[in-house]
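Encoded as structure tokens, the structure appears first; notes follow it.
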Protein chains: 2
Amino acid sequence: MFEKVLIVDDHDVVNEGVLVVLKSKGIDQVHKAQYCDEAFLKIKKAAFDNQPFDLLITDLSFKKDYHESKLLSGDDLVAALRPDFPDLQIIVYSMEDRLQKVRILVNKHHINSYVCKGRKGAAELEKAIECVYNNELFLSPQVENALSSRTNLEITDYDIELIKQLSLGLSQGEISNLFEKNNITPNSLSSVEKRLNKLKDQFKANNAIHLVAIVKDLGLI
Amino acid sequence: MFEKVLIVDDHDVVNEGVLVVLKSKGIDQVHKAQYCDEAFLKIKKAAFDNQPFDLLITDLSFKKDYHESKLLSGDDLVAALRPDFPDLQIIVYSMEDRLQKVRILVNKHHINSYVCKGRKGAAELEKAIECVYNNELFLSPQVENALSSRTNLEITDYDIELIKQLSLGLSQGEISNLFEKNNITPNSLSSVEKRLNKLKDQFKANNAIHLVAIVKDLGLI
DNA sequence: TTTGAAGTTACGGTATTCCGTAAAGCATTT
DNA sequence: AAATGCTTTACGGAATACCGTAACTTCAAA
């Protein structure tokens, strides 16, 4: 089984909880970090000292505080680590359940498992650890379809920007002008309307208000 | 110190982490629940068996799943408990850091502490437990101004219902009809418009979409 | 080069929102 | 009873959203 593990989460309580899971699997050498920069340095130093980590378990989103940080998110951390540590096993453990996000992490950054925080987080984390140890990929049920290409109804950055501007109180006409000024295309009023219609379909929203409320609930803006 | 404690959070890993904190304070009789309904029943039963809980530590937001639930949130749970258990000590432990939310929980539901999930969650939770044991209120630094803040957002239940219906996709006309059917007054289209205008003023919203977005961010709906 | 598909833009009609003004209802005061 | 202030309702016009249709562009395949 893994010997030396680093867990990275800004919530100390969560770190403590993950620690319990690892202990239950008989892993004793567990280190913790609450910042991505801190995690990065710890991994670097461990490798330098010839006592490298076998496994990294990291969250994605980190609240900013007075600390100056270069790596602001788990994505940043993984991206920064991969060039130097292509063989480090990485499990991402996050609230985030957007398929797009998972897909990028797996395909581009070659993480080894993706576990969604949730009711069964502990059990899934255990399963992920087993899988990763056996060189298998584990994905939480919520996101297990992330890699099958059929699920193409993902929302683009353009869509998110559009809905965000709506939520900030701009009219469709104002958004059209804003996009034109910022060289975001398409930007005609007609296109804004059309895109909005597509989104209303996709999210089964009655109107723009409803759409914004739904997308806010999903945490996309 | 407290003897019998119930912790309620849908994430098992978080529950485990809180458990570690309690153990470190020498509290051994700790029970866990992952659903609000479950928590409610456990507290009822414990009281019935004459072995009541001294302390409840609960999250606010719970993901829905296949379980049928009556109590959907920590707010619901607290509101359901208070009539029967006015003396139960309650610590809310949540991501949520909206002052309005804290204010309502403290003033209306008489919770005994509010701790924000964050980097120092464990330390703050400990401090909260100490305070509550000494009959003092503890609030995390992020929200400690919740009660002093003179920004008295006077918003009525009527207003909240109105905005909620908007966020559910109803047009102003439909809301007018709905209110008439439910004997909620005023209910003319004109009155709905007028009230909405007042709210847009109050929250400095450009339009209805903006209003809903703002009020959602404040956690009022 | 032609063709077709997908994406973008233009336009027109209807519905709804937005906003000001005014009338009607209601309770309290004079 | 009349006057007053407050709330609710009614109405109308301008702005915006909503929704279908059609034309134009782009790009890649035939």
Side-chain angles (χ1 to χ4, degrees), chain A residues 100 149-217 220-221, chain B residues 152-217 220-221:
Chain A
Q100 185 90 352
S149 57
R150 188 185 48 75
T151 46
N152 222 7
L153 39 99
E154 281 291 334
I155 188 168
T156 68
D157 290 345
Y158 178 91
D159 294 328
I160 289 179
E161 184 61 23
L162 179 50
I163 299 176
K164 189 184 292 177
Q165 292 304 332
L166 263 188
S167 81
L168 293 175
L170 274 66
S171 72
Q172 295 179 20
E174 288 170 328
I175 294 176
S176 168
N177 294 335
L178 177 72
F179 279 11
E180 191 178 3
K181 211 174 62 186
N182 296 358
N183 288 322
I184 300 172
T185 64
N187 54 42
S188 71
L189 176 59
S190 219
S191 293
V192 170
E193 287 180 352
K194 190 168 207 167
R195 194 66 72 116
L196 235 28
N197 272 328
K198 215 179 256 173
L199 288 166
K200 278 184 279 183
D201 262 5
Q202 197 176 121
F203 288 99
K204 302 190 202 318
N206 294 342
N207 54 41
I209 299 177
H210 198 191
L211 176 64
V212 168
I214 292 171
V215 172
K216 267 191 118 50
D217 279 339
L220 299 181
I221 58 171
Chain B
N152 234 354
L153 290 182
E154 303 162 19
I155 188 169
T156 68
D157 289 347
Y158 178 91
D159 294 328
I160 289 178
E161 184 62 23
L162 179 50
I163 299 176
K164 189 183 291 178
Q165 293 303 331
L166 264 188
S167 82
L168 293 175
L170 274 66
S171 72
Q172 295 178 22
E174 288 170 328
I175 294 175
S176 167
N177 294 335
L178 177 71
F179 279 10
E180 190 178 3
K181 211 174 61 187
N182 296 0
N183 289 323
I184 299 173
T185 63
N187 55 44
S188 71
L189 175 58
S190 218
S191 294
V192 169
E193 287 179 351
K194 190 165 210 172
R195 195 64 74 117
L196 234 30
N197 274 326
K198 217 178 257 173
L199 289 167
K200 278 183 278 182
D201 261 5
Q202 194 176 333
F203 288 99
K204 304 191 200 317
N206 295 342
N207 54 42
I209 298 178
H210 198 189
L211 176 65
V212 168
I214 291 171
V215 172
K216 265 190 120 49
D217 278 339
L220 299 180
I221 57 172

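These numbers come from a predicted model, not from an experiment. In what follows, every chain begins at residue 1, and chains take the letters A, B, ... in the order their sequences are listed.
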| Which pairs with one or both residues in residues 159-202 of chain A pass ring-ring contact (aromatic ring centres under 6.0 Å, His included), sequence neighbours excluded? | A/Tyr158-A/Phe179

| Hey, where on DNA chain C does chain A first and last touch, going 5' to 3'? Cut-off is any atom under 4.0 Å from a heavy atom. | C/dT8 to C/dC11

| field | Minimum heavy-atom distance between A/Ile209 and B/Ala208, given as atom pair plus value | value | CD1-CB, 3.6 Å

| query | Considering all heavy atoms of both residues, which atom of B/His210 and which atom of B/Lys204 are nearest to each other, and what is their separation? | reply | CE1-O, 4.0 Å

| query | So what does A/Lys198 touch, heavy atoms closer than 4.0 Å: a base, only the sugar-phosphate, or nothing? | reply | nothing

| note | side chain to side chain donor-acceptor pair (under 3.5 Å) filter on B/Glu161, not counting sequence neighbours, yields B/Gln165

| Any side-chain heavy-atom pair of B/Arg195 and B/Pro186 under 4.5 Å | yes

| said: Using side-chain heavy atoms (C-beta onward) and a distance below 4.5 Å, is A/Lys216 in contact with B/Ser167? | reply: no

| message | Within residues 161-177 of chain B, which residues have any heavy atom lying less than 4.0 Å from an atom of DNA chain D? | response | none

| message | Quick one: does any side-chain atom of A/Asn182 pair with a main-chain N or O of A/Ile184 as donor and acceptor, under 3.5 Å? | response | no

| task | Indicate the atoms forming the closest heavy-atom contact of A/Leu189 with A/Ser176, along with that distance. | result | N-OG, 3.3 Å

| remark: Residues of residues 179-197 of chain B with a heavy atom under 4.0 Å from any atom of DNA chain C, listed by number, are B/Glu193, B/Asn197

| query | Do B/Leu196 and B/Leu166 come close enough that some side-chain heavy atom pair is under 4.5 Å? | reply | yes

| message | I'd like to check A/Leu178 versus A/Leu170 (side-chain heavy atoms, cut-off strictly below 4.5 Å). Are they in contact? | response | yes

| request: At the 4.0 Å heavy-atom cut-off to chain A, mark where contacts on DNA chain D begin and end, going 5' to 3'. | output: D/dT16 to D/dC19

